[in-house]
Amino acid sequence: MHLLLTIAAIYTASLAATLQSYPSATDVNPFLGKEYYANSEYAAKLDQTIAAFNAKNDGLNAARARSVKNIGTFVWITSVSSISVITSTVEEARAIQEKTGKPQIVELVLYDLPNRDCSGGHSGGEFDLTNNGLALYKSEFIDPYAKALEAAPDLTFAVILEPDSLGNLITNQEIPYCQAASPGYEEGLAYAIAKLQLPNVALYLDAAHGGWLGWDDNLGPAAAQFAKVVALAKNFTSKDAPVPKIRGFSTDVSNFNPYIANPRATYTEYSNSYDELHYAESLAPYLTNKSLPAHFIIDQGRSGLQNTRTDWGEWCNVAAGFGIRPITQTNSSLVDSIVWAKPGGESDGACGPMAQGKAAPSAGAWFEEYVENLVIYADPPLEPTYL
Ligand SMILES: *[C@@H]1O[C@H](CO)[C@@H](O)[C@H](O)[C@H]1NC(C)=O
Ligand SMILES: *[C@@H]1O[C@H](CO)[C@@H](O)[C@H](O)[C@H]1NC(C)=O
Ligand SMILES: *[C@@H]1O[C@H](CO)[C@@H](O)[C@H](O)[C@H]1NC(C)=O
């Protein structure tokens, strides 16, 4: 026991020393050589799924659901009150890292802009621009968020910044609430980028998905909007600080597009970005042209069952299976990692098709019948984990 503790202490010390001399998480693929931290809070939700399969004498799918508990999935920090979850997540990931000696990458979504979800309304947040929302976002959400990550220099973080927000700025300006949201989205994101310039934090600005910004006419405006926000981050650092950087972009967060379509869906007919790899390839030259990094992480958490939609715009609890597992071997130098960003089983909203005859609950609530389908229709199929 004592020996083990000593070894763990030496290991932690050498790990810390290695981290000091590493290039920052912005310059290298931060996922390389890391284990995707799997959080216990999400894992615990799957216990009812395992129990439900067992109650139906379906031992195979119960064992497959058990495997999902060990797959790294992003932790969503979506309100001031959920910032404490960063601290508990850090403690758990650190304990795993010290016990196993395997460096963990902790995956977080940052999602609390004022006027959030301006076009959909299903995921409206706690801040509004007309009610001092931008100042509160900075002081009550971003500042403590950055502080929590700064307090964990021994861990690596991948942070997805504000899913869908810039997509809404680029294409949904005819919606008054989105138009009103624009300056707050830009400045809020720029502030977040500036405050999260830490050597162990890789930032991925959200780039929506191929069916949204992947159309030829949207690629240039998207890159220009991203560049504007990243440049604005300089306003929120001290004069002689290095120019703020992001690692890259996240795509397909909470959506259902495949990494590589086979076959491509008929509704993608006129788009070169008919799957997420093609979207990354379409966007990359526009990013490079704006001196932005063409690195991507792509959510495949619910992309395992293809061609269940009739329209690309369907986004709510679409019939799906768990998709490609998080992996850095992506066969593309543009793609840092396949990830699972949306925790499968959390409802997109009280909308979309029924699952096993049950209608969806409100956004964020657990949709048990839906997650059972994610397990059953997973592609590639989930390996079973028997006790
Ligand atoms: C950012 O800084 C530039 C140059 O100092 C200034 O012109 C601009 O108004 C600032 N923008 C914001 C939103 O602070
Ligand atoms: C790159 O930038 C140049 C100059 O602004 C422009 O003419 C060209 O069309 C751009 N190409 C892409 C792929 O954005
Ligand atoms: C990469 O290519 C290999 C070999 O063809 C294949 O088995 C694997 O599934 C591919 N990875 C992804 C993420 O598509």
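Keep in mind the model is a prediction, meaning the values are calculated, not measured. Whatever order the structure lists them in is the order used to number ligands and atoms, beginning at 1.
Distance check on atom 4 (C) of ligand 2: every protein heavy atom falls at or beyond the 4.0 Å cut-off. Inside a 4.0 Å radius of atom 9 (O) of ligand 1 there is not any protein heavy atom.
For W215 and W312, the gap between ring centers is short of 6.0 Å. Not less than 6.0 angstrom separates the ring centroid of F74 from the ring centroid of W340. Ring centroid separation for the pair W315 and F256 does not come in under the 6.0 Å cut-off.
Side chains of D206 and D164 form a contact here, defined as non-hydrogen atoms less than 4.5 Å apart. No side-chain heavy atom of P326 sits less than 4.5 Å from a side-chain heavy atom of F31. Contact of the Q97 side chain with the D154 side chain is registered, since non-hydrogen atoms from C-beta on lie closer than 4.5 Å.
The protein atom (non-hydrogen) at minimum distance from atom 6 (C) of ligand 3 is N331 ND2, 4.2 Å. Protein heavy atom nearest atom 2 (O) of ligand 2, with residue, atom name and distance: N289 ND2, 2.3 Å.
Below 3.5 Å of separation, one finds no N or O of Y286 facing any N or O of ligand 2. Between N235 and ligand 1, an N or O atom pair is found at a separation short of 3.5 Å.
In the vicinity of Q329, heavy-atom distances shorter than 4.0 Å reach the ligand 3 atoms 11 (N), 13 (C).
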